[in-house]
Q: 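Take this structure, written in C-alpha cells, and hold onto it; I'll ask about it next.
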Amino acid sequence: MTYTSDFLKTLGERGFIAQCTDDKALDAALGTDGDGPVTGYIGYDCTAPSLHVGNLISILMLRRLQQAGHRPIVVIGGGTTKVGDPSGKDESRQLLTQEKIDENKKTIRATFERFLTFSYGPTDAIMVDNDDWLSKLNYIEFLREYGRHFSVNRMMSFDSVKLRLEREQPLSFLEFNYMILQAYDFLELNRRYDCTLQMGGSDQWGNIVNGIDLTRRTDQKSAYGLTTNLLTTASGAKMGKTAQGAVWLNDDLLSVYDYWQFWRNTEDADIGRFLRLFTELPLDEIARLEALEGADLNEAKKILATQATAMCHGMEAAQKAEATALETFEGGGTSTDLPSVEIDAALLSEGLGLLQAFVLAGLTSSNGEARRLVQGGGAKVNDTPQKDIGASLTQEDVVDGAIKLSAGKKRHVLLRP
C-alpha cells in the first residue's frame with residue numbers, strides 16, 4: 001500500500017512495518033484530514049534494570065510517531081511484569097519481587113527521555129504505569145465484565161500460546177492471563193487518553209488484536225494495531241544479543257564505548273537496513289553509504305555506530321567513543337576512555353592469574369572461556385599476545401595506572417588497581 005500520512009510513509013520507507021490491522025483507515029486517521037493527533041502506545045515490562053537494543057526499534061516507532069505530529073504513550077508495565085509475558089519464551093519468566101520491579105521501573109524510565117519529548121502539549125509524550133489500574137481490579141468483577149469477551153479457543157491459536165505448547169513447554173495459568181491484561185491496558189488507555197493505536201513487535205500481534213476486539217466489544221470504538229518485525233542480523237542472530245550478553249541501553253550496564261563497538265561490528269549485509277531503522281540520516285545518504293564496497297564499508301559502519309550511539313547517549317559521548325576506537329585500533333594507543341574495572345591492588349601483589357583477570361574484566365564469563373581465548377591466540381595484555389595460561393599479572397604490568405586486557409581485536413578493558 002502507498003501511504004499518505006507522514007508517519008506510515010516514513011515507517012514504510014525505512015522498513016519498520018510488519019503488520020497492520022487496517023492500513024487504509026489508520027493512514028487516514030494519521031493524515032492531514034484526520035481528527036487531530038493520534039495517540040499511540042507501546043508497553044515495556046520491568047524485567048531488567050535497563051532496556052536493550054532489541055527494544056530500540058519499538059522506541060523509535062514512538063519517536064517517529066511524535067515527529068509526525070502525534071502523541072506517544074510509554075506504558076511501564078509495573079502490573080504486567082508481575083504476571084510475565086509468555087511471548088517468544090520457552091519457559092516462564094522469573095517472578096520478581098515488588099521491590100525489584102520498583103527498582104527496574106526507576107532505571108528504565110530515564111531511557112525514554114533521550115528519545116521522546118515529555119510535557120503537557122497535545123503531541124508531547126506521556127508515561128504511565130499499568131499497575132495504577134491493574135492492581136485495583138477486583139478479580140470476580142473483572143472476569144464477569146471482561147472475561148466473557150475472550151474465547152479460549154482463539155487465545156490458544158495465538159503464537160505466544162501455540163508455540164509454547166507445540167514445544168511441549170509448560171504454560172502457567174498466570175501467563176495465560178497476560179494477553180487479557182494487555183488487552184485491558186488498551187481499553188483503559190482508550191478511555192483515559194483516547195489512545196487508538198497500539199504498536200509493538202510482531203510477537204505481540206495476538207495481544208494487540210485482543211485489545212482492539214475488547215475495545216470494540218465493550219465501548220464500540222475503533223482502534224488499530226501496528227507491528228514491526230522482530231529483528232535478526234543477516235546471519236540469523238537475535239538483535240541485541242551477543243556472546244557477551246545483552247546490549248543494554250543504560251551506560252551503567254554497558255559503556256558507551258562498547259555500545260558504539262556493537263554498531264561498528266554490524267555485518268556488511270545489515271548496514272543499509274540498520275541505517276534506515278536506527279539513524280535519522282536522509283534516505284539518499286543511506287543509499288550512498290550502503291553502496292560502498294570493500295574497505296570503504298568500514299566508514300559506513302563508523303557512521304552507523306556514531307549516529308546510533310548519539311541518539312541513545314548524545315553526540316558528544318558518541319564522538320568520544322569513536323575517538324577512543326580510532327586511538328585504540330588505528331593509532332596503536334591505549335585510550336583512558338576504554339571501559340575500566342576497579343580491582344583490589346592486593347590481587348596484583350599476590351599475583352593475579354591471567355585467566356581470572358579476563359573473568360574479572362568481564363571479557364570472558366569463566367576460566368574455561370579465558371583458557372580457550374589464550375589458547376586461540378586472542379588474549380593480549382598491554383597489546384602483547386599471551387600464550388601461557390598459567391601466567392600471572394603483577395604490579396609491574398600496570399602502565400599509566402592500568403593494565404590493558406584485550407580479547408580479540410575489538411574488545412578491551414582497563415584493569416585499575
Q: Can you tell whether the side chains of R64 and D6 come within less than 4.0 Å, N to carboxylate O?
A: no
Q: For a quick test of reading the model, state the closest non-hydrogen atom pair linking I17 to G12 and the distance between them.
A: CD1-N, 3.8 Å
Q: Please say whether more than 12 non-hydrogen atoms of neighbouring residues, nucleotides or ligands are located less than 6.0 Å from CG in D35.
A: no
Q: Could you check whether any side-chain N or O of K380 sits under 3.5 Å from a backbone N or O of A407, counting only pairs where one atom can act as donor and the other as acceptor?
A: no
Q: Mind checking whether V256 and Q261 have side chains closer than 4.5 Å, heavy atoms only?
A: no
Q: Mark yes or no for whether T81, through its side chain, and C46, through its backbone, hold a donor-acceptor pair below 3.5 Å.
A: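 It does hold such a pair.
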Q: Do any N or O atoms from the side chain of N130 and from the backbone of D185 form a donor-acceptor pair under 3.5 angstrom?
A: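 Side chain of N130 to backbone of D185, a donor-acceptor pair under 3.5 Å: no, none is there.
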Q: What residues, two or more places apart in sequence or in another chain, satisfy salt bridge (charged side-chain N to carboxylate O under 4.0 Å, His left out) together with R114?
A: none
Q: One thing to verify: whether E316 and K320 come together as a salt bridge, which I'm taking to mean a side-chain N less than 4.0 angstrom from a carboxylate O.
A: no
Q: According to side chain to side chain contact (heavy atoms under 4.5 Å, CB included), who are the partners of T39, at least two apart in sequence or on a separate chain?
A: R71, I73, C195
Q: For S58 and N55, test the side chains for any donor-to-acceptor distance below 3.5 angstrom and give the result as yes or no.
A: no
Q: Any side-chain heavy atom of R14 sitting closer than 4.5 Å to one from T10?
A: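 A side-chain contact under 4.5 Å exists here.
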Q: Go through the structure and list residues passing side chain to side chain contact (heavy atoms under 4.5 Å, CB included) with A25, not counting sequence neighbours.
A: D22, Y224
Q: Let me confirm one number: the CG-CH2 distance from L51 to W248, rounded to the nearest 0.5 Å.
A: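 Between atom CG of L51 and atom CH2 of W248 there are 8.5 Å.
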Q: Taking the six-membered ring for Trp and the full ring for Phe, Tyr or His, determine whether the centres of Y193 and Y41 are under 6.0 Å apart.
A: no
Q: So, do L304 and W260 sit near enough that their side-chain heavy atoms are less than 4.5 Å apart?
A: no
Q: For Q98 and K82, test the side chains for any donor-to-acceptor distance below 3.5 angstrom and give the result as yes or no.
A: yes
Q: Report yes if the side chains of L231 and I57 come closer than 4.5 Å at any heavy-atom pair, otherwise no.
A: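 Heavy-atom side-chain distance check passes, below 4.5 Å.
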Q: Count the heavy atoms belonging to other residues, nucleotides or ligands that lie under 6.0 Å from CG of D33, then report whether that count exceeds 12.
A: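 Result for CG/D33: open.
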Q: Tell me, with the steps shown, if S222 and T196 meet side chain to side chain contact (heavy atoms under 4.5 Å, CB included).
A: CA-CA 7 Å; S222 297; T196 56; over 6 Å; no
Q: For the residue pair G31 and S5, what are the closest heavy atoms and their distance?
A: N-CB, 3.9 Å
Q: Apply side chain to side chain contact (heavy atoms under 4.5 Å, CB included) to Q307 and list each qualifying residue two or more places apart in sequence or on a separate chain.
A: T279, L281, I303, M315
Q: Could you tell me which non-hydrogen atom of S392 sits nearest to which non-hydrogen atom of D397, and how far apart they are?
A: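 Between these two residues, the closest heavy atoms are O-OD2, 4.1 Å.
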Q: Is it the case that the ring center of F112 lies less than 6.0 angstrom away from the ring center of Y44?
A: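 Yes: the rings meet the under 6.0 Å criterion.
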Q: Does any donor atom in the side chain of N207 or Q204 lie under 3.5 Å from an acceptor atom in the other side chain?
A: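 Indeed, the side chains of N207 and Q204 share at least one donor-acceptor pair under 3.5 Å.
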Q: Run the side chain to side chain contact (heavy atoms under 4.5 Å, CB included) check on F278 and M311 step by step: do they pass?
A: CA-CA 9 Å; F278 299 112; M311 195 177 295; over 6 Å; no
Q: Can you tell me if D270 uses its side chain to pair, donor with acceptor, with the backbone of A234 under 3.5 Å?
A: yes
Q: Might you point out which heavy atoms bring F118 and A125 nearest each other, and give the distance in Å?
A: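 Smallest interatomic distance, heavy atoms only, reads CD2-O, 3.2 Å.
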Q: Assess the side chains of N250 and T107: does a donor N or O sit below 3.5 Å from an acceptor N or O?
A: no
Q: Could you tell me whether the side chains of Q67 and E280 share a donor-acceptor contact shorter than 3.5 Å?
A: yes
Q: Would you say the side chain of I271 lies within less than 4.5 Å of the side chain of L292, judging by non-hydrogen atoms?
A: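 When only atoms from C-beta onward are counted, I271 and L292 do not touch, as no gap falls below 4.5 Å.
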Q: Please name all residues satisfying salt bridge (charged side-chain N to carboxylate O under 4.0 Å, His left out) with D129, sequence neighbours left out, ordered by chain then number.
A: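 By the salt bridge (charged side-chain N to carboxylate O under 4.0 Å, His left out) rule, D129 matches K105.
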Q: Flag the pair Y259 / V53 as yes when at least one side-chain heavy-atom distance between them is below 4.5 Å, and no otherwise.
A: yes
Q: Do the side chains of E13 and R276 get close enough for a salt bridge, i.e. N-O under 4.0 angstrom?
A: no
Q: Nearest 0.5 Å, please: how far is CG in L360 from CD1 in I343?
A: 7.0 Å
Q: Measure the shortest side-chain to side-chain distance between V74 and I126 over non-hydrogen atoms and say whether it is less than 4.5 angstrom.
A: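 Side-chain contact under 4.5 Å: no.
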Q: Does the pair L354 and V381 meet the rule for a side chain to side chain contact (heavy atoms under 4.5 Å, CB included), with working shown?
A: CA-CA 9 Å; L354 179 66; V381 174; 3.7 Å; yes
Q: For Q375 and I389, work out which heavy atoms get closest and say how close.
A: CG-CG2, 4.2 Å
Q: Determine yes or no for a side-chain-to-main-chain donor-acceptor pair under 3.5 angstrom, with Q66 supplying the side chain and T123 the backbone.
A: yes
Q: For K221, what residues pass the side chain to side chain contact (heavy atoms under 4.5 Å, CB included) criterion, not counting sequence neighbours?
A: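 For K221, the residues satisfying side chain to side chain contact (heavy atoms under 4.5 Å, CB included) (neighbours in sequence not counted) are N190, T215, D219.
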Q: For the backbone of H412 and the side chain of S406, can you confirm whether one donor and one acceptor N or O come within less than 3.5 Å of each other?
A: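 No, S406 side chain to H412 backbone: no donor-acceptor pair under 3.5 Å.
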Q: Calculate, to the nearest 0.5 Å, the distance between atoms CG and OG1 belonging to L197 and T21 respectively.
A: 8.0 Å
Q: Check step by step if side chain to side chain contact (heavy atoms under 4.5 Å, CB included) holds for L26 and C20.
A: CA-CA 9 Å; L26 178 58; C20 184; 3.7 Å; yes
Q: In Å, rounded to the nearest 0.5 Å, how long is the span from CG of L134 to CD of E188?
A: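 L134 atom CG to E188 atom CD measures 8.0 Å (nearest 0.5 Å).
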Q: State plainly whether the residues D27 and K24 are in salt-bridge range, i.e. N to O under 4.0 Å.
A: no
Q: Would you call E322-R264 a salt bridge at under 4.0 Å N-O?
A: no
Q: Could you measure the distance from the CH2 atom of W263 to the CG atom of L275? Nearest 0.5 Å is fine.
A: 9.5 Å
Q: Out of curiosity, I208 CD1 to Q198 CD, how far, rounded to the nearest 0.5 Å?
A: 4.5 Å
Q: Counting C-beta onward and ignoring hydrogens, is there a side-chain heavy-atom pair between T309 and T306 closer than 4.5 Å?
A: no
Q: Hey, are E369 and R372 close enough for a salt bridge, meaning a charged N less than 4.0 Å from a carboxylate O?
A: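 No.
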Q: Shortest non-hydrogen contact from G69 to P37?
A: O-CB, 3.7 Å
Q: Is a donor on one side and an acceptor on the other found under 3.5 Å between the side chain of K136 and the backbone of D132?
A: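 Between the backbone of D132 and the side chain of K136 there is a qualifying donor-acceptor contact (under 3.5 Å).
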